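One structure below.
Each chain gets a letter, A, B and so on, in the order the sequences are listed, and its residues count up from 1. These numbers come from a predicted model, not from an experiment.
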Amino acid sequence: MLLIPCPWCGERDEPEFHHGGEAHIKRPLEPDQSTDEEWAEYIFMRTNPKGVFLERWVHQSGCRRWFNLARNTATNEIIGAYKMGEKPPISTIANKQKTATVSNKKPKGVK
Amino acid sequence: MAQTNRLALGGDIDRTKPVNFTFNGHHMQGYAGDTLASALIANGVRIVGRSFKYHRPRGIMAAGTEEANALVQLETGARTLANQQATRVELYEGLSATSINCWPSPDFDLMSINSWFHRLMPAGFYYKTFMWPVSGWKYYEHIIRRAAGLGKSPVEPDPDQYDHMHVHCDVLVVGGGASGISAALAAGRTGARVILVDESKDFGGQLLNEQYTINNKSASRWIEDALAELSTMEDVTVLKRTTAFGYYDHNYAGLLETRTDILTDGGDKTRQRLWHVRTKRCVLATGALERPLIFSDNDRPGVMLASAVRTYIQRYGVKPGNKAVIFTNNDDAYRTALALKEAAVKVAAIIDTRPVPDGELPTQAIAAGIEIIDNATITGVNGGRGVKSVEVMSLNAAADGVMGVARTILCDLVASSGGWNPVIHLHSHSGGKAKFDQARGIFIASETLQASECIGAANGDFLLGDCLNEGFRAGKEAASKAGFKKASRRKIPIAEHIVEHPLRLIWALPSTKSIGERGKHFLDLQHDVTAADVQLAAREGYASVEHTKRYTTLGMATDQGKTGNIPGMAVLAQALGVDNPGDVGTTTFRPPYTPVTLGAFAGRNVGVLTDPVRMTPMHHWHELAACKWEDVGQWKRPWYYPKQGESMQDAVNRECLAARNAVGILDASTLGKIDIQGPDAAEFLNRIYTNAWSKLAIGKCRYGLMLKEDGMIFDDGVTTRLGENHYLMTTTTSNAASVLGWLEEWLQTEWPDLKVYCNSVTEAWATLSICGPNARALLSEFTDDIDLTPDALPFMGMKEGTVGGIPARVFRISFTGECSFEINVPASYGLALWTQLMVAGEKYGITPYGTETMHVLRAEKGYIIVGQETDGTVMPQDLGMDWILSKKKDFIGRRSFTRPDSQRTERKKLVGLLPVNPNDILEEGGQVVAEKGDHRPIPMIGHVTSSYYSANLGRSFALAMISNGTERIGDRVYVPMDGKTITCEVTAPIFFDSEGTRLHG
Ligand SMILES: [Zn+2]
């Protein structure tokens, strides 16, 4: 069972959280201008890498806040949690990636 | 039956305390301190059960968790336990056990006929036989289950209590042998929080079965001193009879503690405790399990693990046989020969696969006058119901065949040893890898994903001195890494040990004919998987151990292949011509290490505590009215209120008529209510809902639909503007939490710039909904500050004021199509107001109605229920709800309307169905077809979503989702049901007051 570091509450057991899928999927600002492919990419397509994955979680049974987590899907190692709107801990991830296979898809919409 | 095999002396049992028990109905006696297995051996029981596939007679083969044969059904009735290993059941007064997997008795089993037809049951037999036709499964399954006949689950509720404990610690030490005790001592002395667990009732592990000295004292004395020291440490928890059954991510372990001596009876205690442990560091001192040699007919009752034989003699004072043959590829088994000799049991010979064994232990055996037959193997075991003799021949130079003349040695016990496998199960559970040490033929732990390490025998260090050293080092290191660096000056105890010579690895020992042609080389005794089966799998193309395992079922029985897996992999590697068994893959061990009672997982969450029950403020009134309940999520909602002698249909008919002709009252408190505030609330609603919200006036309500981004309906409800920046949203009962989550998700992740705050207020309000022609008259008796006239409070209006002197909000919203008032009062006043309305409403014919009537009334009007008409694939357009889709703004899901799938012309549309026979009621979920006939397949064009009898219409009716439904209005369609096909006419999805005059009245 994962031990997840909520940026507001600290480390808590996994059942307190809900997984929210891949992070940094940005909603097209002008949905009407997007092609069917772009729209399908936004609503359906996710990377699912073996390695470091940036994903969203919500502390459902705690503070009810959403946040992002960098987690290695092969080992479940948690590289770090960061708040919505913050940048992923790129340098830490880069270090960890030396040993892990990572999706070559760039995280989308990193603000 | 007498304890004929009890030794005169020895064993850690209390001979002054006889314990009575029964096995398969026979009365027997053992002593306190016995296991069921040791007591059965004492009583001379050889056959304890039958094997899974061939139903061959089987005896006890081990002394611990690795036992594959001796499974019993313990006790009867509610406390019965299936598939218990006799080797792990502590004997208690009155214990009653029966064999499983045999009928009518283990000594005479009718199913053993399978054994004669074994050529018809090769590896993958079940796969090959039952692949086709699929419809045959219902017959095959019946036969297989009867033939398999594993233990029986109790059919009554478990009368015992189980606890859950949630703890954190610095160092968790799993295994209370020499290594584990040392680690716990070292960690404990630093002041760290330590938990030490062992599955047995006694600490000591393998020390309990041997005669070692530590610091020149007996090992048992050392254990005693160590436990005494640990008990003085405030932050050290020592748990016996506790199995670490699983080790999971982020150093999380599951422990199962049995708290009572009697396995099946909690008495006044909780029977078992499930410990959830989050530790900083973990020391896995889980020891090693001996593996058997794989030779022809190695499953005969009387063929045992060499170490188990030693355990029975030294720990339990019983002899598993009267004349033993030791069969080994290593020095360790010589200890068993010496122990037998000391216990005055004859040792006919030691058969060693190695040429000229000359280590210290073999030398001792020779000195003791035991014959050693070297470079030899057992080619056959005689005695179907128990060992009578063995055939022994010399190995040829390549060790792949035998030579010379067979020698028959009379014996009734074969103690075999193929070396020891480190127990790396927990390491593997948590994602740890293993590597194969080819010289010693063992898997040892390599990389781990956790803050853990395997030590001692669990790491392939079998010598006692090494175990003590490693234990102290690992314990200290783990504590230090957890932040406890206090040094101890205590010296590490010294143990003497004998240096052992290397073993000789021959995985499947040859016989006079090829493997599989004479006798059976069993790998997995519980699932009857033989070396020949694995070789066959290899010939059929199975190259990975994970696939072979599933194909042959090797290691998939309740013992999870604790003795058979490694030899099985080696045999597979050999068959594939691979040198290193590690190259065919390591099987991943999965939790649980040993089976866990389901009751332990449930803990206290049983009966009424299984799931929390949510009750409305008026619950007590409904209860007194003897309503029938419907569970909606965790809510209890009145379903209908039957009067004396009424059937459900009678009651619903009466309620439906009253709601339309007099006044009905519904407890709608369970509807989700979300309070939404903030300057951007209207903009937020614009994006969340499909329709426009900017112009909604204060005091007005509006119905809204929420979609997911794929354009499919997610929820619906009415939202009311209470103030400039203040809205009250209602949701469906079952989606209340999901909708709040949905709103928060968008606010926090996509639109953090919007100033909007959401809060659930579902429980804060009681909601009483009254409807029907007399509703206004009734309510006007209760309020003088709210003008209820249609002009002052029209449909979709809201007024605040008092009702019955209680501060209230009154909404003119309707889910029945009648003139309806939804009254919200603070929850604590709900029951009072309900009761008053019932009294005052009597003259108006007030009738409480439940969810069933609510469903009928709304369906008569064609109002949808999310989750009934919709299923996650339905768009608003499919329901003819284009009117609610704003064209002037974007909202969640809008872009998906133009996806090709959304544009399909044959999408299912909401329609009404009227069965031609007005008394036929369709089944909800029934499939709709366009043609009648016996030919198959008939294309399915849709399904029935709601179906009722309507007292107001005097006939049955239904709603359905039908492909191209709107174009089919007026057509006939058919719904095949059990026994008959019902003909229906397709109609518009509205059956009552289609002009809406009542609604606005
Ligand atoms: Zn939190």
Mark yes or no: B:Arg687 above the aromatic ring of B:Trp746, with NZ or CZ under 6.0 Å from the six-membered ring centre and no more than 45 degrees from the axis.
no

Let me know if B:Ser430 has heavy atoms under 4.5 Å from chain A in its side chain, its backbone, both or neither.
neither

Name the region of A:Phe44, side chain, backbone, both or neither, that has any atom closer than 4.5 Å to a heavy atom of chain B.
side chain

Pairing of B:Arg193 and B:Asp170 as salt bridge, 4.0 angstrom limit:
yes

Toward chain A, the part of B:Tyr248 with a non-hydrogen atom under 4.5 Å:
both

Over 60° means perpendicular and under 30° means parallel, so tell me whether B:His276 and B:His164 are parallel, tilted or perpendicular.
tilted

Not counting sequence neighbours, which residues clear ring-ring contact (aromatic ring centres under 6.0 Å, His included) with A:His19? List them please.
A:Trp57

d(A:Ile25 CD1, B:Glu709 CD) to nearest 0.5 Å is 12.0 Å

Can B:Asp249 and A:Arg71 be counted as an ion pair, charged N to O under 4.0 angstrom?
no

Taking only residues two or more places apart in sequence or in another chain, which ones pass side-chain contact (heavy atoms from CB on, under 4.5 Å) with B:Gln877?
B:Met875, B:Asp882, B:Leu885, B:Phe897

Which residues share a ring-ring contact (aromatic ring centres under 6.0 Å, His included) with B:Trp635, sequence neighbours left out
none

Largest heavy-atom contact set with chain A, pairs under 4.5 Å, which of B:Glu744, B:Arg278, B:Lys708, B:Arg899
B:Arg278

Which residues in residues 3-15 of chain A have any heavy atom closer than 4.5 Å to a heavy atom of chain B?
A:Leu3, A:Asp13

For B:Asp890, is there an ion pair with B:Arg895 - N to carboxylate O distance below 4.0 angstrom?
no

Go through the atoms of A:Trp39 and report whether side chain, backbone, both or neither lie under 4.5 Å from a heavy atom of chain B.
side chain

Part of A:Arg64 lying under 4.5 Å from any heavy atom of chain B
both

